[in-house]
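Chain identifiers are assigned alphabetically (A, B, ...) following the order of the sequence lines, protein sequences preceding nucleic acid strands; residue numbering begins at 1 within each chain. Keep in mind that this is a model prediction, so the values were computed, not measured.
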Amino acid sequence: MPLLDLAGTQVEVDEDGFIQDPASWSEMLAAALAKMEDVENLTEDHWKVIKYLRTYYQQFGIAPMVRKLCKETGYDLKAIYELFPSGPAKGACKIAGLPKPTGCV
Amino acid sequence: MAKFDETPIVKDPAVNGVLSAPKLREHASAEVRCHPSKPKDTAAIDLPTERVPDWQERAVAKLGELLEKNKALRVYMDICVRCGACTDKCPFFLGTGDPQNFPVARAELMRKVYRRYFTPAGLFPDLGEAADFDEEMLQKWYTYFYQCSECRRCSVFCPYGIDTAEITIAAREIMASIGVATKYVTEVVAKVYSTGNNLGIPPAGWKDNCEFLESDVKEETGLSVRFPVDEKGAEVLLVPPSADNFANTDTMIGYGKLFHFLGVSWTTSTYCNEAGNFGLFLNFANLKKVNRRILDAARDLGVKTIIWGECGHAWRAGIYTPTLNGPMDDFEPPYPYHISQYIVDMLHKGAFEGHIDKSANDEYLVTYHDPCQSARAGYLIEEPREIIRAVCNRFVEMPDGTIRQKTFCCGAGNGLLTDEIMPIRMAGGKPRAMAVKHTGANYLATVCAICKAQLPESMHYWDVPVKVGGVIDLLARAIKM
């Protein structure tokens with residue numbers, strides 16, 4: 001597994017830059033991951049999405065369905081894409097330290 | 001991402017009826033490869049965790065075994081006359097221009113090995129007809145057999161009826177047996193065994209999604225549509241692609257509204273909430289094992305009927321069910337039963353009479369993308385069209401050479417829907433995108449979760465402004481409860 005120097009620490013990531021150990025996530029790390037996803041600054045709007053993703057993941061072991069994410073955070077899909085250009089499953093999940101959703105998505 | 005736009009696919013057969021071969025670009029896609037599998041996944045699905053030491057001998061032995069078991073494969077090895085009818089039919093060749101993506105050239109990668117070890121041509125290596133299964137050959141197999149989506153469009157045009165997908169399937173089976181596979185496919189199969197579905201949604205998450213949809217539909221429509229989970233004694237077990245209960249929620253809501261309207265009791269299963277069968281992309285043992293879960297779930301819940309959801313590969317694997325895992329005569333016929341067939345049967349029975357408001361879909365000019373696996377491999381061609389015509393006023397077909405039996409792959413089927421090969425996906429998706437553009441449609445309907453994930457990306461990439469959605473989504477909009 002490649003190691004990436006993020007926010008001053010060596011973190012194990014997969015080929016797509018998703019962190020391997022969800023426990024190694026921190027807000028500092030999120031900011032560093034954000035830069036990789038073309039998100040220059042994490043605003044309050046970003047944090048709202050990130051925190052929702054993390055809470056949901058901790059409870060259910062999976063990212064929330066996109067429809068639920070939109071409804072619970074109050075951002076529609078277009079707004080999510082504006083916040084996270086690579087989308088909810090890739091950009092937002094990566095920054096929130098969730099594994100990459102794969103399958104037919 | 002570099003655009004594969006030097007190839008003039010716009011003039012391709014499919015679109016204007018004019019065949020113009022793309023400019024050849026040797027090795028154009030030689031460097032685009034899937035990430036290799038991880039030991040944690042391969043260990044979970046009974047594959048070697050790394051390449052076995054005696055991989056050459058074992059690969060050749062495996063090829064020998066497959067040639068014995070699958071007589072068609074041996075015929076396909078022997079009868080090709082290299083006429084070239086297939087060369088410009090493959091979306092991945094049309095998109096990349098890489099001649100190694102000619103179906104015949106791809107198949108030659110196996111034929112050379114076959115001739116080397118199983119025919120007298122192997123005695124004359126200098127003639128160039130035979131080749132060792134060495135490191136270089138293995139790398140070519142890994143690259144190019146994972147740039148084929150087993151869509152079988154080439155087979156439609158082969159005067160000898162060679163099913164080139166069978167060759168790709170055999171190549172992947174051989175590679176899997178020596179510990180060479182892709183991360184995407186093996187990870188997904190492993191998730192099916194640990195969670196019941198490709199996405200890895202654990203039972204509690206699945207139930208949460210279903211409860212959320214119940215409250216969401218109630219809020220939007222006032223209807224008490226249910227999304228039941230693990231309900232023993234339900235009439236129908238719906239096996240959707242798990243993506244429907246994650247990303248394609250309009251399709252999931254479509255199933256719920258349909259059964260609600262018909263008053264049919266139904267359920268999903270947390271043991272098997274996945275119709276898609278990635279074993280098909282990997283090897284026979286996993287194809288069979290993943291398929292078996294559907295029957296086990298249905299028998300455990302005591303349902304009368306199993307209905308497969310909108311998923312192309314699911315349907316291809318689904319129609320094999322009795323062959324793979326034994327008779328289904330403890331279920332009510334017809335079986336296997338696809339949701340589109342079920343809806344058409346209900347239409348013919350008059351179940352929707354007076355309850356369809358086609359104008360609900362008037363904002364859409366709809367066109368239909370035949371998923372290669374459900375149309376070409378699964379004979380599901382007229383049913384989705386009949387549904388669309390019954391629920392929409394405005395429907396337009398793409399050009400003849402691009403639909404029904406001659407449909408183009410979305411560009412990401414059979415294990416290619418993974419981001420590291422995005423250039424291949426976008427290149428392979430170009431013929432389909434151009435045909436959609438030709439119609440001017442603003443709704444691209446289809447019945448496959450992989451297509452529904454790939455098409456929005458490929459349509460955006462090729463500047464085709466269109467919404468992608470399911471067929472049942474359109475029905476759900478038009479039903480008056």
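Look at Glu420(B) and Lys100(A) and you find no salt bridge, because none of the NZ, NE, NH1 or NH2 atoms lies under 4.0 Å from a carboxylate O. One finds no salt bridge joining Lys68(A) and Glu211(B) here, because no Lys/Arg side-chain nitrogen approaches an Asp/Glu carboxylate oxygen to under 4.0 Å.
Here CD1 of Ile62(A) is found 5.5 Å from CZ of Phe246(B). Values are rounded to the nearest 0.5 Å. Taking CD of Glu15(A) as the reference point, atom NZ of Lys38(B) lies at 3.5 Å (rounded to 0.5 Å).
In this structure, the side chains of Lys71(A) and Glu219(B) come closer than 4.5 Å at one or more pairs of heavy atoms. Arg67(A) places none of its side-chain heavy atoms less than 4.5 Å from the side chain of Asn209(B).
For Ala89(A), no part lies near chain B; criterion is any non-hydrogen pair under 4.5 Å. For chain A, the nearby parts of Asp250(B) are the backbone and the side chain; heavy atoms of each come within less than 4.5 Å. Using a 4.5 Å cut-off between heavy atoms, Pro88(A) makes no contact with chain B at all.
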Just do the side-chain contact (heavy atoms from CB on, under 4.5 Å) check on Asp208(B) and Tyr56(A) with the steps written out, would you?
CA-CA 11 Å; Asp208(B) 182 65; Tyr56(A) 191 92; 2.6 Å; yes

Test log, rule side-chain hydrogen bond (donor to acceptor under 3.5 Å, both in side chains), inputs His35(B) and Asp14(A):
CA-CA 10 Å; His35(B) 295 324; Asp14(A) 71 6; over 6 Å; no

Working note: Glu457(B) + Lys90(A), criterion salt bridge (charged side-chain N to carboxylate O under 4.0 Å, His left out); need CA distance, chi angles, decisive distance, verdict.
CA-CA 13 Å; Glu457(B) 301 214 39; Lys90(A) 285 148 198 171; 3.6 Å; yes

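Listed for the Tyr184(B) side chain is a donor-acceptor partner under 3.5 Å among the backbone atoms of Gly103(A).
Residue Glu50(B) qualifies as open at atom CD: its count of foreign heavy atoms under 6.0 Å is 12 or below. Around atom CD of Glu220(B), more than 12 heavy atoms belonging to other residues, nucleotides or ligands sit under 6.0 Å away.
With chain A as the partner, the residue from Asp216(B), Val192(B), Ile450(B), Ile201(B) showing the most heavy-atom pairs under 4.5 Å is Asp216(B). Comparing Lys183(B), His313(B), Lys452(B), Gln454(B) by heavy-atom pairs within less than 4.5 Å of chain A, the highest count is held by Lys183(B). Interface remark: of the candidates Val188(B), Asn198(B), Leu199(B), Leu199(B) forms the most heavy-atom pairs closer than 4.5 Å to chain A. The candidate from Thr195(B), Leu213(B), Thr418(B) with the greatest count of non-hydrogen atom pairs under 4.5 Å with chain A is Leu213(B).
Ala453(B) and Cys104(A) make their closest contact through CB-O, 3.8 Å (heavy atoms, listed as atom of the first residue, atom of the second, distance). A pairwise comparison of heavy atoms in Val105(A) and Ala247(B) identifies CG1-CB, 4.1 Å as the closest pair. Closest approach of Met65(A) and Phe212(B) over heavy atoms only: SD-CD2, 3.7 Å.
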